Amino acid sequence: MFFAKPGEYEPSGILGIEHLILLLITTFCVCIALHYTKNKNKAEVKEIIKNVSIGLWILEIIKIMFNLLIGNISNPGTYIPLYFCSLILYAGLFSAYGKGKIKKVGDIFIATGGIIGGVCFLLCPNTSLTIYPAFHYISIQSFIFHGAMVYLGLLVNIAKYVELEKRDILYYSMFIIVMGIIAFIFNLYFDSNLMFVSKNYPNTPVELVYNLSGKLFPIVMILGQATIPFYLIYESKKAKLKRKAKNNDDIILVN
C-alpha cells in the first residue's frame, strides 16, 4: 500500500478520521519542535533551515521518482516542483545558502508564504488524500512537507530570525510573480496547471476565483498568491504588537 499506484486503494478523503489523525499528529510534532527550538539564536535557526531544506528536497526527489516510475511522465504536475508550496524548496536554499537579497527572498517567503501555504494544505489536502490512502508515501510525505513549512515559518517569526517590514512585500511578491510567470509559460507548452495559474481546480477555492475572474484568471491567481499570504502574516503580527503595546500601557496606568 505504501507505494501503491493511484486507484489501487480507496483514497482517505478530506475531513475524515484519517485526515484528522494525520492533522493532529502533524500539529503535535510542530508544537514539540517549536518548544525545543523557539529560543535558538540566529546561527542555530539558520542551521535548522538548512537541515530541514535538505530533508524536504530528499522527500521531494523520492516523490518525483515515484511518479515517474508509475508512469506519470505525461502529467508534469505530479513531479515538477512548481506549485506555491513547492517554493519552500527554493526559498529554503536561498535562506540557508544565499546572501544579500537572495537570502532575504528566502527568509521572507518562509516567514509568510510558508505558514499560509502549509496551513492551507493541512486543512485541505486535495493533492494527496483525495487520490491516495492515508498510509501512503505521497500522503505522509505531504503532511511532513507542509508541517515543516508551518514549523519553519513559525520558528523564524517566534525566534525573531525574520523581522517583517511592510516593504518586504517587494521581496515576496517578486519571487512569486517570477515563479508564477515561469509556471504559466510551462503550462502553455505542456498543458499542465502548475501554480494553479492556467486552469480551474474544481471543488477548491481556486474554482471560485476561476469563475469570477474569467480571462483574467492567470493574472488574478498570480497576484493573489503574490500578495495575500504576505499581508495575512504581516497584519496579524502588526495587530499582535498593537495588543501587546496596549496591554503594557494598561499595566503602567494601573501601577
Side-chain angles (χ1 to χ4, degrees), residues 14-15 23 26-27 30-31 33-34 38 45 49 52 56 82-92 94-95 103-127 142-143 145-181 183 194-197 201 203-213 216-247:
I14 297 175
L15 301 180
L23 180 60
T26 304
T27 302
V30 169
C31 291
L34 283 173
K38 63 183 179 182
V45 171
I49 293 172
V52 172
L56 291 181
L82 195 52
Y83 289 96
F84 183 84
C85 291
S86 305
L87 301 186
I88 192 69
L89 295 167
Y90 314 107
F94 292 167
S95 177
K103 174 174 171 52
K104 186 78 169 180
V105 167
D107 290 343
I108 298 304
F109 180 83
I110 291 172
T112 55
I115 298 175
I116 299 302
V119 168
C120 287
F121 175 87
L122 293 175
L123 295 177
C124 190
N126 278 302
T127 56
S142 295
F143 275 82
F145 189 100
H146 294 86
M149 288 179 67
V150 175
Y151 164 67
L152 287 181
L154 292 174
L155 175 63
V156 298
N157 281 288
I158 293 171
K160 296 184 178 180
Y161 184 79
V162 174
E163 296 281 3
L164 282 181
E165 298 179 4
K166 195 170 186 178
R167 63 185 178 183
D168 290 335
I169 184 64
L170 296 175
Y171 295 97
Y172 173 83
S173 61
M174 287 307 299
F175 178 47
I176 304 300
I177 290 171
V178 168
M179 299 304 282
I181 292 173
L194 299 171
M195 292 282 288
F196 302 119
V197 298
Y201 191 14
N203 303 316
T204 70
V206 175
E207 185 168 22
L208 178 62
V209 179
Y210 182 83
N211 292 335
L212 292 175
S213 58
L216 294 176
F217 174 72
I219 296 174
V220 173
M221 276 299 293
I222 292 175
L223 292 181
Q225 294 177 78
T227 53
I228 295 173
F230 177 87
Y231 282 117
L232 283 174
I233 299 301
Y234 175 77
E235 292 298 333
S236 65
K237 289 194 70 175
K238 186 177 174 182
K240 183 178 180 181
L241 289 173
K242 285 183 177 180
R243 287 195 302 270
K244 185 176 181 181
K246 184 179 183 302
N247 290 336

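Positions are given from 1 along the sequence. Please read all numbers here as calculations on a predicted model, not as lab measurements.
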Looking at [X] and [Y], what are the two nearest heavy atoms and their distance?
X    : Y    : value
V52  : A148 : CG1-CB, 4.0 Å
S173 : A226 : CB-O, 3.3 Å
E163 : D168 : O-OD2, 3.8 Å
M149 : G118 : CE-N, 3.8 Å
L164 : A111 : CD2-CB, 4.5 Å
V150 : I115 : CG2-O, 4.0 Å

Rounded to the nearest 0.5 Å, what's the gap from [atom1] on [X] to [atom2] on [Y]? Could you check?
X    : Y    : atom1 : atom2 : value
F217 : N211 : CZ    : CG    : 9.5 Å
K237 : E165 : NZ    : CD    : 10.5 Å
I169 : R167 : CD1   : CZ    : 14.0 Å
I108 : L170 : CD1   : CG    : 10.5 Å
L34  : L152 : CG    : CG    : 9.5 Å
I222 : I181 : CD1   : CD1   : 6.0 Å

Task: Worked check of side-chain contact (heavy atoms from CB on, under 4.5 Å) between I110 and V162 - done: CA-CA 9 Å; I110 291 172; V162 174; over 6 Å; no

Less than 4.5 Å apart, any side-chain heavy atom of [X] and any of [Y]?
X    : Y    : result
L123 : L23  : yes
D107 : Y161 : yes
M195 : L87  : yes
F84  : P229 : yes
V45  : I49  : yes
S236 : L232 : no

Open item on the list: The criterion is side chain to side chain contact (heavy atoms under 4.5 Å, CB included); which residues satisfy it with V105, sequence neighbours excluded?
Closed with: F94, Y171, F175

Task: With N126 via side chain to side chain contact (heavy atoms under 4.5 Å, CB included) - residues at least two apart - done: I14, C124, T130, Y201, T204

For [Y], does its backbone N or O pair with a side-chain atom of [X] as donor and acceptor, under 3.5 Å?
X    : Y    : answer
N157 : L154 : no
Q225 : G180 : no
S95  : G92  : no

Just say parallel, tilted or perpendicular for the rings of [X] and [Y], cut-offs at 30° and 60°.
X    : Y    : result
F109 : Y172 : parallel
Y83  : F196 : tilted
F230 : Y234 : parallel

